Number of protein chains: 2
Amino acid sequence: MSLFNEKQIEIIIAAERLFAEEGFDGTSVRDIAKAANVNIAMISYYFGSKEKLLEALLLYRVSSMKLTLESVSQENISPVEKMNKLIYTYVNRIHSNRCIYQILHFELSNKKRELNFKEFIQLKKENLKFIEAIVKEGQEKGFYSNDINIALLPTIIIGSYIHFHMNKVYYIDLLLLDTEEKYEKYIQETLTPYIQKTINALLTHEK
Amino acid sequence: MSLFNEKQIEIIIAAERLFAEEGFDGTSVRDIAKAANVNIAMISYYFGSKEKLLEALLLYRVSSMKLTLESVSQENISPVEKMNKLIYTYVNRIHSNRCIYQILHFELSNKKRELNFKEFIQLKKENLKFIEAIVKEGQEKGFYSNDINIALLPTIIIGSYIHFHMNKVYYIDLLLLDTEEKYEKYIQETLTPYIQKTINALLTHEK
DNA sequence: AATAAATTTAAACAAACGTTTAATTTAAAC
DNA sequence: GTTTAAATTAAACGTTTGTTTAAATTTATT
């Protein structure tokens with residue numbers, strides 16, 4: 001059983017796209033109702049308010065983002081390969097969920113609303129544990145340097161991807177990614193391997 | 001002669017803080033007028049509209065951000081030291097201008113307003129040239145690998161810093177940075193050196 | 001088939017929004 | 001000191017905002 005019924009999910013999905021594209025304050029409940037093909041009153045009816053709809057959206061997405069890194073850390077491959085797979089999986093997941101990440105980034109750094117980010121912070125902490133396990137395995141097996149700030153590794157991975165995506169307009173201009181296919185291809189074939197290479201270089205780098 | 005008079009700059013500065021904290025659509029002209037201690041009508045009087053005030057803010061900040069990396073690339077030090085200094089200067093400048101960067105990141109990735117980002121994109125391209133010059137000098141002198149995607153270097157540098165700052169709430173929790181001093185100190189003494197180390201590892205890393 | 005509950009609707013609500021007005025005050029020019 | 005221009009004000013403008021209402025429709029239960 002899901003937390004939300006079909007109609008509620010339709011509204012959530014429509015709101016997600018609009019919140020990402022226009023911002024929460026830049027989106028009206030009338031916009032959402034039109035995009036979801038429902039009457040304006042349905043948003044209050046199902047969620048109570050526009051802000052509670054945002055909370056429902058966060059709950060819906062964050063809870064669905066759990067448990068994607070666990071399988072990687074249990075595979076029977078070298079720590080270096082594990083790390084590459086983890087970065088690939090991580091970047092892919094953020095890319096697939098880029099709308100909610102965009103919304104989250106705005107809401108995390110803005111003082112307007114008091115939202116509950118505990119679940120999101122918990123998710124980030126759990127992801128960090130998987131990364132930590134792989135790094136420690138790599139250190140024990142002599143692949144990696146012992147002087148690593150593990151807490152900042154996701155900063156580079158996510159930060160690089162998010163910054164690339166947020167500055168899409170600039171990179172389209174600079175790298176001539178004039179079609180959506182070229183943009184997607186660049187993320188898959190250049191950006192992701194580049195992040196993998198960067199993390200690998202950092203982890204194997206000696207003082 | 002400045003483009004704006006004192007009163008206009010007061011309004012711009014007040015708007016900058018509010019736009020960063022509450023978002024453009026989350027800030028009303030009445031909020032701005034109150035923060036700048038002027039009558040509501042002064043915003044239309046001086047700038048024409050709220051959106052034109054945002055444009056004025058972008059113009060004001062972007063034009064003041066030019067020419068900070070040039071001096072670094074001309075110093076008589078090794079490419080490795082130059083790169084470290086450049087990253088230090090770069091991160092510091094973004095940190096000092098974090099409000100406008102936050103606004104820019106939202107506006108760049110949002111479809112609501114059609115703003116003129118040409119100046120900002122030009123600034124980024126000029127910064128890239130300085131980075132490129134240092135990397136090529138490092139390659140010629142045998143410090144750096146020849147297999148470097150230079151266009152993506154700022155992605156890591158800025159992306160890591162911005163992501164750290166945007167997720168401040170999370171990092172305060174994770175790294176116990178419970179005072180503003182500790183947060184500032186962490187950026188200076190841990191995050192910036194970490195970014196320097198990462199870039200250095202990537203540049204010196206062999207395939 | 002009758003009843004009850006859940007869903008959907010159009011209309012209305014007050015509040016807040018960005019902008020404009022026209023009158024007033026302040027500063028500058030002559 | 002008078003005239004002209006610039007700056008500032010309070011009030012009002014028409015829209016749009018999120019939310020609620022009460023009636024109508026659909027679905028589920030008995």
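Small disclaimer: the values here were computed from a predicted structure and weren't measured. In what follows, chains carry the letters A, B, and so on, assigned in the order in which the sequence lines appear, proteins first and then strands, with residues in each chain numbered from 1.
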Pair [X], [Y]: side-chain N/O donor-acceptor within cut-off below 3.5 Å:
X      : Y      : value
B/T89  : B/N92  : no
A/H95  : A/Q188 : no
B/Y170 : B/H163 : no
A/H205 : A/D147 : no

Using the side-chain heavy atoms of [X], tell me which of these nucleotides is nearest: [options].
X     : options               : answer
B/R30 : D/dT21, C/dT19, D/dT8 : C/dT19
B/Y45 : D/dA6, C/dG18, D/dT9  : D/dA6
A/V29 : D/dG18, C/dT9, C/dC17 : D/dG18
A/A41 : C/dT19, C/dT9, D/dT8  : C/dT9
A/N39 : C/dT19, C/dA10, D/dT9 : C/dA10

Between [X] ([atom1]) and [N] ([atom2]), how many Å, whole number?
X     : N      : atom1 : atom2 : result
A/N37 : C/dT7  : CG    : P     : 18 Å
A/E6  : C/dT8  : CD    : C1'   : 17 Å
A/L53 : D/dT17 : CG    : P     : 16 Å
A/M42 : D/dT20 : CE    : C1'   : 14 Å
A/L54 : D/dT19 : CG    : C1'   : 17 Å
B/E51 : C/dT19 : CD    : C1'   : 14 Å
B/K34 : D/dT9  : NZ    : P     : 15 Å
B/I40 : C/dT19 : CD1   : C1'   : 10 Å

Quiz item: Any side-chain N or O of A/K7 less than 4.0 Å from the OP1 or OP2 oxygen of C/dA6?
Solution: no
Exercise. Once you apply the 3.5 Å cut-off to both distances, tell me the Watson-Crick or G-U wobble partner of C/dC30, or none.
Key: D/dG1
Which part of the nucleic acid does [X] contact within heavy-atom distance under 4.0 Å: base, sugar-phosphate only, or nothing?
X     : result
A/Y46 : sugar-phosphate
A/I43 : nothing
B/S28 : sugar-phosphate

Quiz item: Is A/K50 close enough and on-axis enough to A/F24, meaning under 6.0 Å and within 45°, for cation-pi?
Solution: yes
Quiz item: How do A/V38 and B/D25 order along DNA chain C: which one's closest nucleotide is nearer the 5' end?
Solution: A/V38
